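One structure below.
Fair warning: this is a prediction, and the values are worked out from it, not measured in the lab. Residue numbering restarts at 1 for every chain, and letters A, B, ... go by the order of the sequence lines.
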Protein chains: 4
Amino acid sequence: MTVTPGDREAPRKRNREVTRAALLAAARVRFAREGYSGTNVRVIAQDVGVDASLVFRYFGSKRALFDEASAENALAAEAVLDGPAEQLPSRLLATILEYDWPESAGEHPFVAMLRSANDDAIRAELSDQLCKTYTDSISRQVRGEDADLRAALFSAWLLGISVLRSVVRDDTLSRATMASVAPHFERVVEALLGEAKAGPAGATPAPGPEQPD
Amino acid sequence: MTVTPGDREAPRKRNREVTRAALLAAARVRFAREGYSGTNVRVIAQDVGVDASLVFRYFGSKRALFDEASAENALAAEAVLDGPAEQLPSRLLATILEYDWPESAGEHPFVAMLRSANDDAIRAELSDQLCKTYTDSISRQVRGEDADLRAALFSAWLLGISVLRSVVRDDTLSRATMASVAPHFERVVEALLGEAKAGPAGATPAPGPEQPD
Amino acid sequence: MTVTPGDREAPRKRNREVTRAALLAAARVRFAREGYSGTNVRVIAQDVGVDASLVFRYFGSKRALFDEASAENALAAEAVLDGPAEQLPSRLLATILEYDWPESAGEHPFVAMLRSANDDAIRAELSDQLCKTYTDSISRQVRGEDADLRAALFSAWLLGISVLRSVVRDDTLSRATMASVAPHFERVVEALLGEAKAGPAGATPAPGPEQPD
Amino acid sequence: MTVTPGDREAPRKRNREVTRAALLAAARVRFAREGYSGTNVRVIAQDVGVDASLVFRYFGSKRALFDEASAENALAAEAVLDGPAEQLPSRLLATILEYDWPESAGEHPFVAMLRSANDDAIRAELSDQLCKTYTDSISRQVRGEDADLRAALFSAWLLGISVLRSVVRDDTLSRATMASVAPHFERVVEALLGEAKAGPAGATPAPGPEQPD
DNA sequence: TATGAATGAGCATTCATTCAT
DNA sequence: GATGAATGAATGCTCATTCAT
């Protein structure tokens with residue numbers, strides 16, 4: 001829409017890249033909201049205002065477009081790994097409760113992929129992605145035995161919160177904020193990731209003791 | 001009674017009730033595995049070895065068949081509420097980790113419905129069902145404040161475990177058993193549902209993760 | 001519904017004939033209202049409360065049932081030929097404006113057949129029937145030359161009135177009665193069937209001078 | 001432009017407007033001959049030599065295609081209203097006896113619509129169209145009382161002639177020409193539309209035909 | 001290369017009809 | 001013979017994809 005006067009003399013010059021990017025962006029939104037099989041190539045093209053055949057020209061197939069869109073989602077999800085390792089759990093929660101994910105229609109990348117996970121290949125990709133971003137990184141935070149299982153259980157919790165918010169649209173969780181969830185979160189973090197020795201006795205302090213303020 | 005997709009060779013007995021039940025059973029399996037839109041009426045009929053038009057004769061429409069299949073799933077899920085209330089949490093976990101759900105292709109009823117939750121009406125039905133079976137009943141177990149939120153967080157965990165096992169097929173959680181999970185489960189139950197005794201320190205600060213662009 | 005006690009001991013005895021007649025009656029109603037292709041065999045059977053397969057057992061095919069129903073319609077239409085020949089035109093009009101045709105859902109037999117006249121064989125049958133009941137018999141009433149053409153034009157008028165009332169449901173004609181139409185009818189009868197010599201001059205008296213009262 | 005069903009051999013030109021017009025033309029022919037429900041979208045496409053899905057691409061639905069075809073028919077029928085009002089009746093007759101209606105398979109537009117008048121919405125549309133083109137315009141020509149009823153009776157006659165020619169395919173009327181019908185037509189026009197000069201005698205009595213049972 | 005017209009396989013659904021009991 | 005379960009060919013319609021220009 002924002003066409004600068006300079007684009008007029010060579011309208012075909014950069015349009016390929018611009019259109020391609022626009023299609024990709026529209027695809028991320030549609031796939032995130034409606035899933036792979038629920039998304040119509042023609043609708044993506046309409047979002048951009050071009051003909052559907054461009055999708056095939058630029059990406060080869062609906063599936064290739066989906067894969068590329070998913071890769072971008074995955075990259076976005078991984079960004080949470082940047083930062084101090086000790087604060088990873090709460091950063092993970094923040095990406096679920098606070099971040100908007102505008103590129104994927106407000107859906108967390110994992111929810112977006114989950115919407116298409118009926119397909120085996122997509123499921124496998126989601127599985128890899130969840131390992132890389134959730135389980136493996138959390139596993140390294142675990143103090144004590146059974147690190148893999150406890151990390152998986154913690155990942156399940158995060159994923160479940162996303163699903164309940166975005167897919168099921170549970171009222172309580174949809175309204176939940178970092179502030180309201182934090183106290184419970186802390187206790188679960190301790191329960192799952194903390195030193196697993198003490199039974200029902202007093203909980204150990206929150207995992208991130210170096211609180212900035 | 002439980003007709004699996006492989007049973008295509010058996011000659012039909014020309015018995016309305018038997019055929020109807022077989023179609024319903026096949027439908028539960030297919031819908032659970034492939035979701036509503038991913039399931040083909042013809043395939044369900046083939047699973048049973050009859051013509052697809054019988055689906056419409058006996059159920060009226062693909063959607064009505066789905067609704068009936070879902071109702072049976074929901075009923076099956078609710079059965080967990082029978083029994084001593086104090087043991088509800090671990091009964092819930094057992095339905096996830098130990099019960100086979102043979103009628104829905106090994107999928108927990110909620111996962112089966114989740115596979116079709118792109119559809120708004122189905123999503124709403126799943127939401128109701130989750131409230132009835134998970135959130136509301138768990139909420140009554142909570143000792144302390146914030147019962148709704150804590151019940152929702154606990155429901156999210158259960159749902160997340162199911163999703164990670166069935167949809168994502170996470171190796172660790174797929175192999176998990178009641179025995180291996182029990183110690184961690186107990187700690188989380190205590191953390192989320194037990195008397196909230198205000199952790200020794202303040203809540204973790206709202207983390208500010210670098211939001212991906 | 002009105003089952004006499006005697007029918008109980010041999011319930012299969014006359015039921016064949018009774019059921020057959022009931023199916024035929026229901027068929028006349030349905031075919032008249034919805035046309036041949038618009039009528040569902042199953043619905044006819046439901047009207048009677050029996051299974052659709054009886055239609056095939058008793059009549060052979062939907063088409064044979066239609067033919068038999070049409071034959072009864074035709075017979076009913078022909079009944080108008082009984083009576084004094086000179087009053088035929090007004091008797092014809094009366095069957096259109098006054099008679100209820102309860103056996104064919106209130107539709108004049110010719111309208112009932114017309115609803116199915118897309119089919120060539122049905123069209124031919126209707127053509128025959130119209131000749132026998134309308135054109136040929138009217139032709140004999142014509143005084144003067146061009147009897148066939150004038151009879152055909154008069155038949156067209158009668159048929160047109162039926163169509164405008166029943167098919168198009170024109171308000172004015174639907175409300176028309178013998179009394180309101182009679183004066184105009186008389187003039188047209190004279191114009192089309194009367195001695196064709198006199199041009200715009202005075203009309204000759206009504207065709208049926210031997211008025212009973 | 002007028003694509004007849006036989007034109008299946010012509011290779012398509014990949015021109016949207018041409019193909020769309022060809023589909024519309026083929027649809028007018030098929031709908032006129034076979035009625036709405038008797039017409040198959042695939043057949044229309046075959047007439048033009050393209051795939052059936054183009055019908056949905058260009059028109060949205062079978063019904064929308066029918067509506068567009070009907071609108072063209074209606075427009076064609078209304079053209080008769082152009083010209084001197086006093087000659088309207090004979091112009092109306094001429095469109096029935098002399099004009100070929102090549103766009104609607106030789107069927108008068110009203111007959112074409114009548115073939116689909118089982119459908120309520122189509123019947124209502126036909127009713128409107130008949131009023132606009134026949135009844136209302138004729139009503140204005142009537143000298144004397146009862147204008148509406150007499151106009152309706154005259155419309156009925158015109159429609160009846162069309163039906164007898166096209167639907168019933170009555171031999172006599174099919175061969176009729178303006179020349180052969182004109183003298184009778186004039187007399188009927190005078191009888192129905194002319195100054196009503198109260199026939200010399202009383203109206204014929206309401207005849208009591210033996211109603212068929 | 002870019003455009004958009006055209007394709008064809010596939011889906012839910014209907015309905016006259018057949019066939020096993 | 002009577003019953004009703006089962007059939008299969010259509011039908012309107014959708015959608016990813018290809019092909020001509």
Side-chain angles (χ1 to χ4, degrees), chain A residues 11-12 15-16 19 36-45 50-66, chain B residues 11-20 23 37-45 48-65, chain C residues 11-12 15-16 19 36-45 50-66, chain D residues 11-20 23 37-45 48-65:
Chain A
R12 303 269 173 250
N15 272 4
R16 183 189 173 98
T19 303
Y36 178 74
S37 70
T39 296
N40 188 331
V41 179
R42 198 155 240 127
V43 168
I44 294 175
V50 303
D51 189 90
S53 61
L54 283 189
V55 166
F56 299 90
R57 178 140 213 88
Y58 293 156
F59 299 91
S61 69
K62 177 186 181 183
R63 183 51 181 272
L65 172 61
F66 176 84
Chain B
R12 281 295 103 203
K13 311 250 193 45
R14 279 195 178 252
N15 178 316
R16 182 188 177 92
E17 290 313 315
V18 169
T19 302
R20 213 193 106 100
L23 283 170
S37 70
T39 296
N40 183 332
V41 174
R42 276 175 173 85
V43 169
I44 294 175
V48 176
V50 300
D51 190 273
S53 63
L54 280 191
V55 166
F56 301 93
R57 183 141 207 74
Y58 290 151
F59 299 92
S61 68
K62 178 188 180 182
R63 185 50 181 271
L65 172 60
Chain C
R12 304 270 172 251
N15 272 6
R16 182 188 174 96
T19 303
Y36 178 75
S37 70
T39 296
N40 187 331
V41 179
R42 199 155 238 128
V43 169
I44 293 175
V50 302
D51 189 89
S53 62
L54 283 189
V55 166
F56 298 91
R57 177 140 214 88
Y58 293 157
F59 299 92
S61 69
K62 177 187 181 182
R63 184 50 182 272
L65 172 61
F66 177 83
Chain D
R12 282 296 101 204
K13 311 249 194 47
R14 279 193 178 253
N15 178 316
R16 182 189 178 93
E17 290 313 316
V18 168
T19 302
R20 213 193 106 101
L23 283 169
S37 69
T39 296
N40 184 332
V41 174
R42 278 174 172 85
V43 168
I44 293 175
V48 175
V50 300
D51 190 273
S53 62
L54 281 190
V55 166
F56 302 95
R57 184 142 207 73
Y58 289 150
F59 299 92
S61 69
K62 177 187 179 183
R63 185 48 181 272
L65 172 60

Gap between atoms CD1 and C1', on C/Ile44 and E/dT17 respectively (whole Å): 14 Å
Any donor-acceptor pair under 3.5 Å joining the side chain of D/Arg42 to the base of F/dG12? yes
May I have the distance from A/Arg16 (atom CZ) to E/dT3 (atom C1'), rounded to whole angstrom? 14 Å
Over how many whole Å does the gap from D/Asn15 atom CG to F/dT21 atom P extend? 12 Å
What's the CZ-C1' distance between B/Phe56 and F/dA10, to the nearest Å? 14 Å
Can you tell if the side chain of C/Ile44 reaches within under 4.5 Å of the side chain of C/Leu65, non-hydrogen atoms only? yes
Report the end-to-end axis angle of the helix from E/dA2-F/dT21 to E/dT21-F/dA2; each axis comes from five terminal pairs, and the value is rounded to 10°. 30°
Tell me the interatomic distance from B/Leu54, atom CG, to E/dA12, atom P, rounded to whole angstroms. 15 Å
Which parts of residues 57-66 of chain A get close to DNA chain F, meaning a heavy atom less than 4.0 angstrom away? A/Ser61, A/Lys62
Please determine if a side-chain N or O atom of D/Thr19 lies less than 4.0 Å away from the OP1 or OP2 oxygen of E/dA6. yes
Whole angstrom value for the distance that separates C1' of F/dA16 from CG of A/Asp51: 13 Å
Considering heavy-atom distances to DNA chain F, does D/Ser37 or B/Ser53 have its closest nucleotide positioned more toward the 5' end? B/Ser53
Separation of F/dA5 atom P from B/Arg14 atom CZ, nearest Å, is 9 Å
Calculate the interatomic distance between D/Arg20 atom CZ and E/dA6 atom C1'; express it in whole Å. 16 Å
If you look at every strand shown and take non-hydrogen atoms under 4.0 Å, does C/Thr39 touch a base, only sugar-phosphate, or nothing? sugar-phosphate
Show me the donor-acceptor pairs within less than 3.5 Å that the side chains of residues 52-62 of chain B make with the rest of the protein, sequence neighbours left out.
unit_1	atom_1	unit_2	atom_2	d
B/Ser53	OG	B/Asp51	OD1	2.9
B/Ser61	OG	B/Arg63	N	3.4
B/Ser61	OG	B/Ala64	N	3.0
B/Lys62	NZ	B/Tyr36	O	3.0
B/Lys62	NZ	B/Thr39	O	2.8

Under-4.0 Å side-chain N/O to phosphate OP1/OP2 contact, D/Asn40 with F/dG12: yes
